[in-house]
Amino acid sequence: MKLVSFNINGIKARGPALTRWLDAFRPDVLVMQEIKSVDDAFPREIFEDRGYHLATHGQKGFNGVAIASLLPLSDVTRGLPGDDDDAQSRYIEATVQGATRVLRVCGLYLPNGNPVELDGAGAPVPGGKYAYKLAWMARLRARAEALLAAETPFVMLGDYNIIPQAEDAARPKAWEADALFRLPSREAFRKIVNLGLTDALRACTQAPDNFTFWDYQAGAWDRNDGIRIDHILLCPQAADWLQDCGIDRAVRGEEKPSDHVPIWAEMAL
DNA sequence: ATGGTTGGCCACCAA
């Protein structure tokens, strides 16, 4: 079965491009980010007409995540545990029933974190976007720990807004001070991976130039000035079920594309 | 290295 993460950058603008890709690729389970829609305005028929179950967690104007699945979906939960005051829609979980196995699918849109605001001592300014990013990552790590402790097979996939290593950017120097690549961001990502999770793409290839995002600006796509920030992390059990992983980069060159492309994992479920 | 584009939505913010 094919499991995919795709930051669609606005469902209202992405209808034609998304449906073309959906019909060509036919994912079994799809998590989306930046739907930029409230739940009531989401065009559910795009998915339901094609036989998908759909769970959305949207908000007005920004953010918003969703899960579409050909396999039965159950136990949908919305929001990342750990902060009841967090009003941003960035996290959704659901249980997917495969032919022989059950998988907890965690779809996430990790905060961008820019601009990086630091105080005189170099600490993130409380209430700033960078502090929010790091706090969110600590909550995500706690959630992964809880799922590991419960021995619930799970995958955490989505737009992490993290460039894990220099080979994951065409021009790493340009990103050194950015919230997507600065060392504390990469350390926080490693602390999650180091719980024992597998980066699905890196389990299948060490090649550089496996980007998932190219900015709309300055001809980034034409110059292949990209970064790898969309990731699929697997718990040890789910990693045993991984068969292949790749990035559907051609989507970026089609008409009216998102600035991200799908990353997929083939799993024995 | 810098400047630049798109989405949501209606004055700009976010990326």
Side-chain angles (χ1 to χ4, degrees), chain A residues 5-22 31-44 46 56-66 80 86-91 107-117 124-125 127-137 157-164 166 168-182 185-186 188-189 211-231 247 249-263:
Chain A
S5 171
F6 190 2
N7 180 324
I8 62 174
N9 191 20
I11 187 63
K12 297 175 182 72
R14 209 60 59 219
L18 179 61
T19 51
R20 265 187 278 117
W21 173 80
L22 203 54
V31 303
M32 288 167 277
Q33 304 85 34
E34 287 202 87
I35 65 174
K36 295 185 176 179
S37 168
V38 294
D39 293 338
D40 286 346
F42 192 94
R44 303 183 64 90
I46 290 176
T56 61
H57 179 40
Q59 72 179 80
K60 185 182 170 70
F62 306 104
N63 307 322
V65 290
L80 180 63
D86 187 354
Q88 300 190 30
S89 296
R90 297 179 171 275
Y91 190 82
L108 63 102
Y109 176 45
L110 204 147
N112 176 294
N114 286 303
V116 176
E117 299 170 90
V125 173
K129 292 188 172 184
Y130 194 61
Y132 176 63
K133 178 178 192 144
L134 293 182
W136 205 95
M137 294 182 81
L157 73 170
D159 179 355
Y160 279 77
N161 271 315
I162 292 286
I163 302 165
D168 297 315
R171 297 181 303 125
K173 277 267 175 224
W175 295 93
E176 270 176 3
D178 193 282
L180 276 59
F181 189 56
R182 64 193 308 270
S185 304
R186 284 181 281 139
F189 182 74
F211 306 137
T212 64
F213 170 91
W214 296 260
D215 202 295
Y216 288 126
Q217 302 180 85
W221 168 247
D222 294 325
R223 297 186 292 117
N224 193 28
D225 182 9
I227 51 178
R228 186 173 78 95
I229 55 174
D230 299 85
H231 308 299
I247 293 162
R249 84 146 49 203
V251 173
R252 187 64 175 81
E254 292 171 11
E255 195 176 340
K256 213 165 160 45
S258 170
D259 42 6
H260 294 249
V261 297
I263 173 171

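Being a predicted model, the structure only gives us computed values, none of them experimental. A, B, ... follow the sequence lines: proteins, then strands. Residue 1 opens every chain.
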Between atom CD in A:Q88 and atom P in B:dA15, what is the gap in whole Å? 8 Å
Run the salt bridge (Lys or Arg N to Asp or Glu O under 4.0 Å) test on A:E254 and A:R20 for me, step by step, so that the C-alpha distance in whole Å, both residues' side-chain angles and the decisive distance to 0.1 Å come before the verdict. CA-CA 10 Å; A:E254 292 171 11; A:R20 265 187 278 117; 3.5 Å; yes
Look at all strands and tell whether A:L180 reaches a base, only sugar-phosphate, or nothing, counting heavy atoms closer than 4.0 Å. nothing
Between B:dG3 and B:dG7, how far apart are the P atoms? Round to whole Å, please. 23 Å
In whole Å, what is the span from the CZ atom of A:F62 to the C1' atom of B:dC10? 12 Å
Checking side-chain contact (heavy atoms from CB on, under 4.5 Å) between A:W214 and each of A:N224, A:I227, A:D225, which is the one that passes? A:N224
Length of the CD-C1' vector between A:Q59 and B:dA14, whole Å: 11 Å
Between B:dT2, B:dA15, B:dG7, which nucleotide gets closest to the side-chain atoms of A:N9? B:dG7
Using the P atom as the point on both nucleotides, what is the distance between B:dT2 and B:dT6, in whole Å? 23 Å
Who pairs with B:dT2 - Watson-Crick or G-U, where each distance is under 3.5 Å: none
Return the nearest nucleotide to the side chain of A:Y109; candidates are B:dA15, B:dC9, B:dG8. B:dA15
Within 45° of the six-membered ring axis of A:F211 and under 6.0 Å from that ring's centre, is NZ or CZ of A:R228 located there? no
Measure from the side chain of A:Y216, starting at C-beta and using heavy atoms only, and say which of B:dG7, B:dG3, B:dG4 lies closest. B:dG7
Checking all strands, does A:A13 fall into the base, sugar-phosphate, or nothing category for heavy-atom contacts under 4.0 angstrom? sugar-phosphate
Can you tell me if the side-chain N/O atoms of A:K36 get under 4.0 Å from OP1 or OP2 in B:dT6? no
Quote, to the nearest angstrom, the P distance that separates B:dA11 from B:dT5. 24 Å
Just how far, in rounded Å, is P of B:dA15 from CG of A:L110? 11 Å
Taking side chain as C-beta onward, heavy atoms only, is A:D159 less than 4.5 Å from A:F6? no
Nearest-nucleotide wise, let me know which of A:I35 and A:N112 is further upstream toward the 5' end of DNA chain B. A:I35
Proximity to the side chain of A:Q217 - top-ranked nucleotide from B:dG3, B:dC13, B:dA15: B:dA15
Separation between the C1' atoms of B:dG4 and B:dA15, rounded to whole Å: 13 Å
Between B:dC10 and B:dA14, how many Å separate the two C1' atoms, rounded to a whole number? 16 Å
Rounded at 0.5 Å granularity, tell me how far CD1 in A:I229 sits from CG in A:D168. 10.5 Å
Comparing A:G219 with A:I11, nearest DNA chain B nucleotide closer to 5' gives the residue A:G219
Whom does B:dG8 pair with, Watson-Crick or G-U wobble, provided both distances fall under 3.5 Å? B:dC12
Within the distance-only criterion (no hydrogens, no angle test), does the side chain of A:T212 pair as donor or acceptor with the backbone N or O of A:V261 below 3.5 angstrom? no
Starting at atom OH of A:Y132, determine the distance to atom P of B:dA14, rounded to an integer number of angstrom. 12 Å
Starting at atom CZ of A:R223, determine the distance to atom C1' of B:dG4, rounded to an integer number of angstrom. 10 Å
Rounding to a whole Å, what distance do you find between A:N7:CG and B:dT6:P? 16 Å
Tell me: NZ of A:K173 to C1' of B:dA1, nearest whole Å? 14 Å
So, is A:K256 near the phosphate of B:dG7, with a side-chain N or O under 4.0 Å from OP1 or OP2? yes
Can you tell me if A:R90 uses its side chain to pair, donor with acceptor, with the backbone of A:E34 under 3.5 Å? no
Looking across every strand, which nucleic acid part, if any, lies under 4.0 Å from A:R90 by heavy atom: base, sugar-phosphate, or nothing? sugar-phosphate
Minimum-distance nucleotide (side-chain atoms of A:K12 versus B:dC9, B:dG7, B:dA15): B:dC9
